[in-house]
Amino acid sequence: MHTNLPVREERPWWRDAVTYQIYIRSYADSNGDGIGDINGIRSRLPYIKDLGVDCIWINPWFQSPQKDHGYDVADYMDVNTDYGTMDDAKALIKEAHDLGIRIILDLVPNHSSDLHVWFQAALNSEPGSKERARYIFRDGKGENGDLPPNNWEAVFGGPAWERVIEKDGKPGQWYLHLFAVEQPDFNWENEEVWQHFRDIFKFWLDLEFDGFRIDVAHGMWKEKGLPDVDFAEVELLDRHYRPYWDQEEVHEIHRDWRKITNSYKHDPMLVSEAWAPTDQRTAMYVRPDELHQSFNFSFLTAKWEAKSLKQIIDKSMTEVVKVGAPPSWVWENHDVVRKTDRLDLGLQNKGKGLEKFGDPKKLNKERALLRARAATLLELALPGGAYIYQGEELGLFEVRDIPEDRLEDPIWKMSGHTDRGRDGCRVPIPWTKDPAGAHGFSSNKSITTDKAWLPQSEGWGERAVDTQQGVQGSFFEMVKAALTIRKGEAGLGDGEMNWIDSTDDVIAFQRPGKFACYVNFGPADVVIPYGAEVLISSAPLKGEHIPADTAVWLRLP
Ligand code: NOJ
């Protein structure tokens, strides 16, 4: 496949940046309260620099009651006190930039927290008031309005409507929340909401932050009249269709934001979290006047299987390239089961919680790590941008033994305690093998593994940073070496890509500079092309052969 992507000298930084995702709560705790914070990130900048990424994406750090760990924002123009101060934020951006690392933040425009001043004002105002018009309030159905206005369901479980008590003390209108009850949806038909977000954009971009990851970028706009979901028709015609996802009008909002980023000299970028039903629809979010990148969720939800994965790569890449955008590869984030587990067990993940197929007890840790390593080399050899979620560079596993009374994800409660949610991939990072300070996560040595804000698993220290950094052959050192090679190769990142003919069990492609990537999914070994030089492999090669579950980067003769 010929991607026609521009070569490195002519392209903006974001087209092929490698971005490291930081779930701030779990990264590094500088003040010893057991919760990660901004100064913790500052203290780890040398580590991030050593890894060799171009950019950091920080999960929401704004003021928030933390009902959905920051995705419920009470004030978009201030940082959460648990995480630090605005001065800390300013120091972080300066220090990161001094090291040549960019930072993007995580903007949550579909909903706010119920503690946002606007929502509080809405609760204290009359139905029909301008305060209520910033959110989606409706009268209920039924004689006394005691049935929800429509049949929409919240992503985390249960109905998407909550009834409020009016000033007269009686149950009154309902408000829409597509996620948790504490996350009321904004009304994007209201001009004040548009202006609020323009102000937020400018507030952070003026401080030279390098852009935003846009949460639920396919949400925001709801179909006029808020019609019921016709589940029978949805099942028949398009099982992804909902009158609140991926509506045409949402693109107008992204166009508005692109105009803002275009007006900044430091070239900020926007990456969309858009769970659109097809690759073609996902690509619409990255048309030239919209967002810069969109996470490739077809890739993230793929199984470890050469034929289907190759098709997914090909198809998703074709669609974004058609609109001139770079592909954006991602295997892990804070919402999905770690890829170590997923690629071994065949777990699939549909964007919330754990989809439980594949028996976790059957996890083969050795094979899981082999696959995770190979998957990382595959990702970093593909054209475009790539994302690495904290701990992915260490080959962390999903944590499955968090006691039920310690689960924090709102999904646990809202699913009626049937879905354990996403905490298993959010456990604090092990920096040291020594368990003190919950394996070096906290400056407070008295924090033990079970006392971290989410408890760490038995053996969590085995994959700690200090057991891997500087240790030849470790997961960390493999990622670091791959990133070094990627930087040195003019044609890696953005640039042309052509498939190399191979068997059904192999993915092989060539990039500029005679660079090639081979991934062998097994079971048979695969011969390395004659005369090729090995640049890096995800596992030891068997002489001239690539073993199963192994990726290799080559320079072809
Ligand atoms: C997607 C985020 O990644 C997830 O963590 C969050 O719960 C929902 N959006 C709601 O904001």
Side-chain angles (χ1 to χ4, degrees), residues 19 21-27 36 57-74 76 80 104-116 119 135-136 152-158 160 162 176-186 188 197 200 212-220 222 242 244-246 250 270-276 282 285 291 293-297 300-301 328 330-338 349-355 387 389-390 392 407-415 419-427 454:
T19 301
Q21 182 193 347
I22 293 187
Y23 196 74
I24 182 167
R25 211 172 173 78
S26 296
Y27 200 59
W57 146 32
I58 303 174
N59 284 96
W61 67 8
F62 315 104
Q63 260 191 36
S64 156
Q66 303 289 316
K67 297 291 179 198
D68 184 22
H69 292 128
Y71 286 97
D72 50 322
V73 182
Y76 292 82
N80 200 41
I104 63 169
L105 299 174
D106 200 327
L107 196 71
V108 192
N110 180 68
H111 43 265
S112 70
S113 155
D114 57 349
L115 296 190
H116 190 287
F119 193 72
Y135 292 89
I136 303 179
W152 294 3
E153 291 165 348
V155 174
F156 295 160
E162 182 74 6
L176 179 72
H177 61 89
L178 288 179
F179 292 87
V181 178
E182 299 87 352
Q183 291 169 300
D185 280 50
F186 281 117
W188 275 91
F197 279 87
I200 296 163
F212 295 101
R213 174 252 192 202
I214 308 290
D215 189 58
V216 200
H218 59 310
M220 295 183 277
K222 279 76 185 175
R242 295 287 182 279
Y244 41 87
W245 296 146
D246 196 35
V250 87
L270 305 172
V271 52
S272 90
E273 187 223 18
W275 290 88
T282 306
Y285 290 79
L291 306 177
Q293 290 191 359
S294 194
F295 294 126
N296 187 335
F297 291 131
L300 183 145
T301 48
S328 306
V330 56
W331 277 124
E332 287 192 20
N333 64 34
H334 63 293
D335 289 332
V336 296
V337 175
R338 293 265 184 198
N349 206 293
K350 302 206 178 94
K352 67 159 189 162
L354 315 179
E355 301 288 336
Y387 287 79
Y389 175 49
Q390 65 179 38
E392 190 178 352
L407 290 173
E408 295 252 354
D409 188 342
I411 289 181
W412 173 236
K413 195 166 134 211
M414 287 183 74
S415 69
D419 186 337
R420 288 171 59 86
R422 303 158 293 182
D423 290 335
C425 66
R426 298 175 174 181
V427 171
L454 276 178

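Read the numbers this way: they start at 1 and go in the same order the structure lists the ligands and their atoms.
Between Asp114 and Lys67, no side-chain nitrogen of the basic residue sits less than 4.0 Å from a carboxylate oxygen of the acidic one, so the salt-bridge criterion is not met.
Side-chain contact between Leu300 and Trp331: absent, with no pair of heavy atoms (C-beta onward) separated by less than 4.5 Å.
Taking the salt bridge (Lys or Arg N to Asp or Glu O under 4.0 Å) definition, one finds that Arg242 meets it with nothing, sequence neighbours left out. Ser328 pairs by the side-chain contact (heavy atoms from CB on, under 4.5 Å) definition with Gln293, Tyr387, not counting sequence neighbours. Residues passing the side-chain contact (heavy atoms from CB on, under 4.5 Å) test with Ala74, sequence neighbours excluded: Pro65, Ser113, Leu115.
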Could you pull out every N or O of ligand 1 that sits under 3.5 Å from a protein N or O, with the distance for each pair?
from     : atom 1 : to     : atom 2 : distance (Å)
ligand 1 : 3 (O)  : Arg213 : NH2    : 2.9
ligand 1 : 3 (O)  : His334 : NE2    : 2.8
ligand 1 : 3 (O)  : Asp335 : OD2    : 2.5
ligand 1 : 5 (O)  : His334 : NE2    : 2.9
ligand 1 : 5 (O)  : Asp335 : OD1    : 2.7
ligand 1 : 5 (O)  : Arg422 : NH1    : 3.4
ligand 1 : 7 (O)  : Asp68  : OD1    : 3.4
ligand 1 : 7 (O)  : Asp68  : OD2    : 2.6
ligand 1 : 7 (O)  : Arg422 : NH1    : 3.0
ligand 1 : 9 (N)  : Asp215 : OD1    : 2.8
ligand 1 : 9 (N)  : Asp215 : OD2    : 3.3
ligand 1 : 11 (O) : His111 : NE2    : 3.0
ligand 1 : 11 (O) : Asp215 : OD2    : 2.7

Task: Pair Tyr23-Asn333, side chain to side chain donor-acceptor pair (under 3.5 Å): steps then yes or no - done: CA-CA 9 Å; Tyr23 196 74; Asn333 64 34; over 6 Å; no
